[in-house]
Amino acid sequence: MAKKGEKVKILLTAKGTEWDSKMDPRFGRTEFFFIYDEETEKVETYDNRAIVNEAHGAGPKTAQKMSEFGVDVLITGNGPGGNAAAVVTQTGTKVYVGAGDMTVKEAYDAYKNGKLK
Amino acid sequence: MKEIVIISGKGGTGKTSVTASLAYLAGKSIIVADCDVDAADMHLLMKPVNDRKEDFFSGVLAEIDQDKCIKCGKCSNVCRWKAIPIVENKYVVQPLDCEGCGYCSLVCPTDAISMNEQNVGNWIISDVKTNTQMVHARLGIGAENSGKLVAKVKNEAKVLAEKSEKDFIVVDGSPGIGCPVVSSLSGANLVVLVTEPSVSGIHDVKRVYELVKKFGIKAGCIINKADINPDKVKEIHQFLETENIQLIAEIPYDENFTKAMTMGKTIVEYDPDGIGEILKNSWEKIRKI
């Protein structure tokens with residue numbers, strides 16, 4: 001678990017792969033992962049768009065995928081819902097919501113300034 | 001642009017009647033999305049015309065190529081749903097029994113079984129009587145609503161809303177607390193709970209609110225048929241207070257709801273001064289939450 005001021009790896013749910021891309025307010029059916037590692041200052045992205053073909057269980061599948069990236073913090077619009085939340089809790093990832101209407105950069109800044117719940 | 005989702009947990013509380021009324025009052029400032037696809041009724045009240053339809057594919061079904069089949073029966077043996085009986089000396093997949101797991105195709109020694117995507121219905125964009133558009137869907141018999149379909153309907157509504165600079169998307173959510181409801185809530189800005197003062201009404205609204213809480217979405221509540229059981233109304237008030245949910249309105253039981261429905265009208269059109277006035281105030285409150 002990340003302590004205050006510690007450099008962490010953050011996953012943001014996004015509609016694209018750039019800092020000025022819009023956030024995807026959804027967790028399970030997010031189009032992309034935008035992953036920023038504060039330590040190395042490197043950005044990594046993952047195309048999650050194939051999730052559109054899943055009739056059921058999108059949340060848990062995305063949560064499972066997320067766990068492979070070993071992130072400390074998740075920033076999204078709302079959610080994750082019941083089943084996905086159970087997975088996310090298991091991995092110890094800290095969840096921040098309320099960033100659905102922002103860009104990735106704005107969401108990251110809002111998180112840094114303690115403006116996300 | 002904000003996404004407002006109306007849900008109830010229990011069916012029959014008046015969710016769709018309320019949703020259609022709000023959609024009527026909001027007029028062209030919104031895009032309407034009907035995500036209650038299993039029992040889609042919004043179209044009865046919104047009078048969609050000019051349908052733009054597209055096929056919707058979901059799930060897979062096994063299909064046996066009879067030319068390749070050597071009738072070994074392995075597929076039939078492994079099928080948990082007994083979906084591959086022998087019909088007229090051939091192994092034939094029964095579409096309504098097949099769950100699409102793919103076990104049969106895995107064990108088939110001659111690769112005779114393919115898993116094919118199913119066209120289960122349409123999703124549709126229509127013009128509606130309130131001078132805007134509605135996104136909805138129609139499923140074939142035996143097909144079920146899914147998170148996938150709800151996400152599709154909501155996404156299309158969002159694209160339309162952004163393109164035509166609408167203020168809101170008003171979503172008729174599905175009943176229950178399953179996958180389609182999860183998908184309805186995902187990405188929403190506000191939830192309106194429509195409930196009624198009955199044992200099951202309260203039980204189910206509490207259950208669905210558990211889910212809303214997980215998503216951390218703000219919620220308001222409309223109590224319909226609010227004069228049929230004062231004790232249960234009190235119980236709802238207590239629940240709303242504990243959970244810090246805003247009470248938007250209490251609507252008395254009124255047979256005009258049914259009369260309006262039979263005429264294919266929203267209650268706001270049928271009874272603009274009575275129930276219509278209450279709903280008008282409700283929409284004013286909702287748009288400001």
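Labels below follow one simple rule: chain letters A, B, ... track the order of the sequence lines, proteins then strands, and each chain is numbered from 1.
- Between B:Lys148 and A:Glu54, the shortest heavy-atom contact is CB-O, 3.3 Å.
- In this structure, the portion of B:Asn155 lying under 4.5 Å from any heavy atom of chain A is its side chain and not its backbone.
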Stepwise side-chain contact (heavy atoms from CB on, under 4.5 Å) check, A:Asp101 with B:Asn189: CA-CA 10 Å; A:Asp101 298 325; B:Asn189 300 91; 3.7 Å; yes

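- A:Lys15 NZ: more than 12 foreign heavy atoms inside a 6.0 Å radius.
- For the atom pair NZ (B:Lys154) and CZ (A:Arg26), the distance works out to 7.5 Å, reported to the nearest 0.5 Å.
- Considering all non-hydrogen atoms of both residues, A:Pro25 and B:Lys158 come closest at CG-NZ, 3.6 Å.
- Scanning all heavy atoms of the two residues, the minimum distance from B:Lys214 to A:Gly81 falls at CD-C, 4.2 Å.
- Between B:Lys218 atom NZ and A:Asn78 atom CG the span is 13.0 Å, to the nearest 0.5 Å.
- Looking at A:Ala58, there are no atoms closer than 4.5 Å to chain B (heavy atoms on both sides), in backbone or side chain.
- Between B:Phe215 and A:Pro80, the closest heavy-atom pair is CE2-C, 4.4 Å.
- Residues B:Cys179 and A:Ala55 come closest through the heavy atom pair SG-O, 3.9 Å.
- Within a 6.0 Å sphere centred on OH of B:Tyr103, other residues, nucleotides and ligands contribute 12 heavy atoms or fewer.
- With a 6.0 Å radius and a threshold of 12 heavy atoms from other residues, nucleotides or ligands, B:Glu284 has its CD atom above the threshold.
- Contact of B:Leu185 with chain A is made through the backbone alone, with heavy-atom distances under 4.5 Å.
- By the neighbour-count criterion of 12 heavy atoms within 6.0 Å, atom CD of A:Glu41 is sparsely surrounded, having that number or fewer from other residues, nucleotides or ligands.
- Annotation: B:Arg52, atom CZ; neighbour count of heavy atoms from other residues, nucleotides and ligands within 6.0 Å is above 12.
- Environment of CG in B:Asn244: sparse, with no more than 12 heavy atoms of neighbouring residues, nucleotides or ligands closer than 6.0 Å.
- Note that OG of B:Ser58 is 6.5 Å distant from NE2 of A:His56, once rounded to the nearest 0.5 Å.
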